[in-house]
Structures are given as C-alpha cells and as structure tokens.
Undergrad: 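Take this structure first; my questions come after.
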Amino acid sequence: MTTEAAEYFSRELLGWYRQNKRVLPWRMNRDPYRIWVSEVMLQQTRVDTVIPYYERFMDKFPTAEALAEAPEAEVLKCWEGLGYYSRARNLQAGAQEVVSRHDGVVPDDKAAVSALRGVGPYTAGAIMSIAFNRPEPAVDGNVMRVLSRYFCLEDDIAKPSTRVSIEKLAASLIPEGAAGDFNQALMELGALVCTPKSPGCLTCPVMAHCEGRMAGKEHILPIKTKAKPPRPELRLAALVTGTGSHAGKILIRQRPDTGLLARMWELPHIAGPSIAAAEDSDMPKKRRRAGAKAEPVPQRVREEQMDILCRTLAGEERVLIRPTSWWGEAEHVFSHLVWDVQVYITEFGFMLEEAAAAQEASALLADRAAEAHAVYAWQHDAGNEPAAEAAEADNLASLPANYRWIGPEDMSNYAFPNVFLRILREYWETVD
DNA sequence: AATCCGGGGTA
DNA sequence: TACCCAGGATT
C-alpha cells in the first residue's frame, strides 16, 4: 500500500463527506453529551431506528445531570423497544459518574471517557474525535468493512485482534485537524455507499484506488466467520385475567436485576419442555421457517402446556391461576436465542371445591389441586383463615413483590420488551 | 477468546 | 432466509 493511496483516500473521503453528509439530530452541535447518547444508541442499531428515540431521549434528559437524576424506570421506558437495555442502564451510570466525578461535564480526556460505564473503544474514539476533534480512531463495523475493502485486508473481522490492527490503520489515516469529520466520513461511506451487500462502487469517491475492487474482491470482503445460530426456546406465558377489584386488569411481573432483559416487565411465563426433549420423541423434526405458519398444536398438548404453566407458577412463585384457553403465539429473536412464546389465558385464584372435584377426574389435575392446597395453606397459616373461604382467592392471596395488576392505561408506566408489548397491545384491543 | 445482551432492515 | 448493523461487559 502506497502512501499516496492512503493520502488520496483520506483527502477524497473527507471532501466527499463535507459535501454529502446527512443532516442528523446529533449533528446540530458538538455537545459531548449529545454525541455520547447518540453513539450509545447507535451501537448495533440503525440511524433511522435511532432518530425518534434520540429526539425523545434528549427532550426528556437534555443533560448528563438530568439523566443522572432520573428514575431508572423512566430511562428504561424511554429506551423501550430499542433493545440491548444494558446500554440504557450503563449510560445512566456513566452520566452519574460524570456528575459525581467530573462536575457534570464530559471530560476532554481519553482515559476518563473510556472509564465511563458503557463506553468501550469505539464509543470513546467517537466521543473524543467528534466532540473534541482529538485524533482518535473510532472503528465500528462500517469502518472495518470500508478499510478491509479499500486496502484489501483479508483478516477475519470477527477476531478482536483484527479490530485492534484496523484501529492502528484508521488512526494513521486521520487528516490533520479533521478527526471528527474523517471518522464520521468513514462511517457515512459504509452506511451509504460501501454497504455490506452490493456496494455502490460506481458512486464511491475513492473507487479509483480501492484495492479490494481492483482485485475483484469487493463482494467477498470483509472476511467474517459466521456466528453460531441462536438456540430455540419454548416459553409458556400467562395472560392472567383479574376478577373482582382487579376486573379488566392483567398480571405482569418484573424481571430480576441482572441477566437477560434485566428489570424489564413481562407476562409471567416459564420455560417450556426443552426442545431437545421434544426432539427425542418420535415426532418428525420439521424445521419451521420464520414467518411460516406453525404446525397445528393438538388440543392435548395445549392442555398439557396450560397445566404445566399453572402448576409451575403456583409451585415456584406462589401465584395461583387456573387455565382457561390458548390465546396465541409470538416470536422473540435475540442474537443468541429465539423464544417461541405460547400465550394462555388464565384466571386468577383457585377454587378448592373445584379442585377437589377435579381430583377424581385426572391425576394431573390432582397434583395441581394438592399443590394449590398446600400453597393456599401456606399463604393463610398466619391468618388462620378457614380453607372454605378460598372461593375468591382474588381478594385474599397476596402477590409476590415483583407482580402488578395493570390495565391498558398503565402501559406507559412500565417498560416491556417488544414481544410482550405486541402481545399486550393486541390483547387490550381484543378486550375493548 | 467466547459468550451474553435486542431488534429491525435488507437483498 | 441469512446477514448485517455507529459494541460493551463479563467470564
């Protein structure tokens, strides 16, 4: 690679960017807090998706101090639907660090910015270059693709070591005094011209010296090893309908403080029988394509699933419900996981007389009745209430602390992952 | 170095 | 359908 080709690249790309850059809300000024928020939102997320979220977020949390002081639930609600919710929690933690350690001002200091929660090598480089015009590289997926093609680099960009070497290359290309524009130019080219598939070489400002294209390899670059496919999981979810004082409401619960979808709200649900166990059966293993209609599930299986769902919630969470009917299905795709969510309508509370009658009819139901009875006794030991008064458990049973009854008007107070948003919105429409 | 963490656009 | 995306934290 010649020095001339590199200088040509930087010069032409910078000129192209200054003529063609998009008007975006985070390009109004160089407020480092605004840049920071935009860069975090843009992690693994497209510009068009981010824009409306960014507008709402900056309207609600215009400064690091405002974000630092906000209740976390409000921040999550503002992030609802955007995904990777740890970004929101880390961003707020970072804002709190800025307030407590840097007097509310994002520091013009690479080490200090890198130390902020949720700020990694890319985001640190982006903030330092775009907000402060410091000559730091900001290497994301776009930049790795553009540079892999232009310099015909055949290293696997899935390897961390490749990102490090490309960072050194990117740093060497930054024109004097133009770090912010140049880094954005690299990403803008990757987003608008040097796209993953069918790159627009004919409109590319640096096509003339692109080594990847000259080698005829622009379509196979960058080299990237494939990720493992996500594993499928069956989830059984309960739309628990309230009665009495909770008529018209349904039951939701909050997830734990850590792990998947931390502190988000959801329908109570459990993991279904493992996929592996299902495939051990003599059923034909048909791979269902996403978007295709599911195989019809036999009523027998529906009843088994309802039963497992009710018994498990009673046994593990002390939530007493009884099955009503199958409601529908929803899919939720994570990067490493696919949930097949089967949703069942259930009623809150459990009538002991009914359970006793069922005891004679079915061994499975007998198990549930026995468990429910035990749970009921556990709940009412303290009060010494006679079991006969269990008919309206609705008003007697207390819920675990992470459970809430909500109506449609309460949706704006809780942050849900998309799959439960879809289910709940559709459900509220049908009950109206 | 591998895994976990969402969701949506694209060809 | 497969791939990709303005990645970072954890282990």
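Lettering follows sequence order; numbering is per chain, from 1.
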Undergrad: What's the closest nucleotide to the Pro121(A) side chain, out of dC4(B), dG8(C), dA6(C)?
TA: dG8(C)
Undergrad: Taking only N and O in the side chain of Gln44(A), is any of them less than 4.0 Å away from OP1 or OP2 of dG7(C)?
TA: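 For Gln44(A), the contact criterion (side-chain N or O under 4.0 Å from OP1 or OP2 of dG7(C)) is met.
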Undergrad: Nearest to the side chain of Lys228(A) - dT3(B), dA6(C), dC5(C)?
TA: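 It is dT3(B).
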Undergrad: Need one value for Lys159(A): base, sugar-phosphate or nothing, where a base atom within 4.0 Å counts as base even if backbone is also close, heavy atoms only.
TA: nothing
Undergrad: Kindly say if His336(A) contacts the phosphate of dC5(B), meaning a side-chain N or O under 4.0 Å from OP1 or OP2.
TA: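 Answer is yes, contact under 4.0 Å.
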Undergrad: What pairs of nitrogen or oxygen atoms, one from the protein and one from nucleotides 8-11 of chain B, lie under 3.5 Å apart?
TA:
{"residue": "dG8(B)", "atom": "OP1", "partner": "Asn418(A)", "partner atom": "ND2", "Å": "2.7"}
{"residue": "dG8(B)", "atom": "OP2", "partner": "Asn418(A)", "partner atom": "ND2", "Å": "3.4"}
{"residue": "dG8(B)", "atom": "N2", "partner": "Arg46(A)", "partner atom": "NH1", "Å": "2.6"}

Undergrad: Quick one: Leu91(A) CG to dA6(C) P, roughly how many Å, whole number?
TA: 20 Å
Undergrad: Nearest heavy-atom pair of Ile174(A) and Ala179(A): which atoms, and what distance?
TA: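 Looks like CG2-CA, 3.5 Å.
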Undergrad: Hey, is the side chain of Arg87(A) poking within less than 4.0 Å of OP1 or OP2 on dC4(B), counting only N and O atoms?
TA: no
Undergrad: Please test Ile130(A) against Trp36(A) for side chain to side chain contact (heavy atoms under 4.5 Å, CB included), starting from the C-alpha separation and ending with a verdict.
TA: CA-CA 10 Å; Ile130(A) 299 172; Trp36(A) 180 16; over 6 Å; no
Undergrad: Could you identify which residues of residues 129-150 of chain A place a heavy atom less than 4.0 Å from some atom of DNA chain C, listed by residue number, or say none?
TA: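 Close to the strand are Asp140(A), Gly141(A), Asn142(A), Arg145(A).
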Undergrad: Compare the minimum distances between each of dC4(C), dG6(B), dG8(C) and the side chain of Thr45(A), then state the nucleotide with the smallest one.
TA: dG6(B)
Undergrad: Does NZ or CZ of Arg87(A) fall inside the cone over Tyr84(A)'s six-membered ring, less than 6.0 Å from its centre and within 45° of the axis?
TA: no
Undergrad: Less than 6.0 Å separating the ring centroids of Tyr53(A) and Trp79(A)?
TA: no
Undergrad: Taking N and O atoms by type only, does the side chain of Thr123(A) place a donor or acceptor under 3.5 Å from a partner on the base of dG8(C)?
TA: no
Undergrad: If the C1' atom of dG6(B) is compared with that of dC3(C), how far apart are they to the nearest Å?
TA: 16 Å
Undergrad: Going by modelled atom types, is there a donor-acceptor pair between the base of dG6(B) and the side chain of Tyr84(A) at under 3.5 Å?
TA: yes
Undergrad: So which one's nearest nucleotide on DNA chain B is more toward 5', Ala262(A) or Ser161(A)?
TA: Ser161(A)
Undergrad: Would you please indicate if the ring centroids of Phe420(A) and His269(A) are separated by under 6.0 Å?
TA: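 Here the rings of His269(A) and Phe420(A) have centres that are less than 6.0 Å from each other.
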Undergrad: Going through the distances and angles, do Arg89(A) and Arg263(A) end up as a side chain to side chain contact (heavy atoms under 4.5 Å, CB included)?
TA: CA-CA 10 Å; Arg89(A) 289 183 277 112; Arg263(A) 290 198 279 275; 3.7 Å; yes
Undergrad: With side chain to side chain contact (heavy atoms under 4.5 Å, CB included) as the test, would you mind laying out the steps for Asp410(A) and Arg404(A) before giving the verdict?
TA: CA-CA 10 Å; Asp410(A) 300 312; Arg404(A) 298 284 186 279; over 6 Å; no
Undergrad: With rounding to whole Å, what would you report as the distance between dC5(B) and dC5(C) at their C1' atoms?
TA: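 Here dC5(B) and dC5(C) have their C1' atoms 15 Å from each other.
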Undergrad: Check whether NZ of the Lys or CZ of the Arg Arg302(A) lies under 6.0 Å from the centre of the six-membered ring of Trp326(A) and within 45 degrees of that ring's axis.
TA: yes
Undergrad: Which of the following nucleotides, dA1(B), dG7(C), dA6(C), is nearest to the side chain of Pro160(A)?
TA: dA1(B)
